[in-house]
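All ligand and atom numbering here is 1-based and tracks the order in the structure.
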Amino acid sequence: MSFLYGSSYIFVLVGLLVSLWASWNVKRTFKKYSQYGNSKHVRAEQAAQMILRQAGITDVRIERVRGDLTDHYSPKEKVLRLSDSVYGSESAAAIGVAAHECGHAIQHNKGYMPLAIRSAVIPAANIGSKLSYPVILLGLIFGATGLLNIGTLLFSLVVLLQLVTLPVEFDASNRAMKILDDSSILYSQELNAARKVLFAAALTYVAALLTSVLQLIRLILLRRRR
Ligand SMILES: [Zn+2]
């Protein structure tokens with residue numbers, strides 16, 4: 001079946017390699033700047049608490065979550081979750097990640113529009129990511145162009161989510177760096193380390209978008225060929 005080994009498969013392969021590189025790079029950068037604690041011995045969850053309090057946010061809980069770099073802020077639950085490698089750590093890398101998640105909590109608190117748009121797109125994108133490939137596969141099996149169109153449209157919802165994720169992530173990191181810059185939690189060298197970790201993390205979102213755009217191009221090429 002040409003679906004599997006056609007030349008357009010190169011798009012998926014390139015996307016996969018870029019994504020793999022980005023995720024390897026963020027892990028490597030995080031590990032590199034995880035080794036040394038900050039000179040003030042502030043732990044990541046304490047830094048998060050300080051940042052939230054400074055922003056006037058008192059209704060966000062901070063929890064520990066299992067996994068490696070699984071840190072996130074849940075607007076629905078108003079919970080900021082820090083992963084095993086961040087929670088309890090005094091490293092500039094961990095403080096950077098914690099500050100980034102605080103950035104999301106502040107976005108939520110201030111009604112930052114792109115975050116609201118992203119939250120609104122998530123349910124549709126989830127449906128798109130679950131159904132697009134089964135629908136496309138059925139379209140290929142039965143040679144039904146209508147199904148291919150629907151599948152491609154479903155997949156474009158995933159691309160849309162990746163697209164609206166970018167400003168949200170970059171803004172959270174910008175807020176984090178500004179807060180860390182203004183506060184006296186980290187010194188300048190430690191600030192630089194945090195900035196590098198957040199930049200590497202931002203690249204994974206760019207890579208995710210690129211990967212899905214390449215996949216979308218492939219789907220469109222696939223449909224055209226029919
Ligand atoms: Zn984020």
Between His104 and His100, is there a side-chain donor-acceptor contact under 3.5 Å, judged purely by atom types and distance? yes
**Asked** Hey, does the side chain of Ser19 reach the backbone of Leu16 with a donor-acceptor pair shorter than 3.5 angstrom?
**Response** no
Backbone of Ala92 reached by a side-chain donor or acceptor of Asn38 within 3.5 Å:
no
Answer key: the N, O or S atom of His100 nearest to the Zn ion (ligand 1) is NE2
* Is it true that some N/O/S atom of Glu169, main chain or side chain, lies under 2.8 Å from the Zn ion (ligand 1)? -> yes
Exercise for the section: Measure from the Zn ion (ligand 1) to each N, O or S atom of His72 and report whether any distance is below 2.8 Å. Expected result: no
Does atom NZ of Lys40 have more than 12 heavy-atom neighbours, drawn from other residues, nucleotides or ligands, at distances under 6.0 Å?
yes
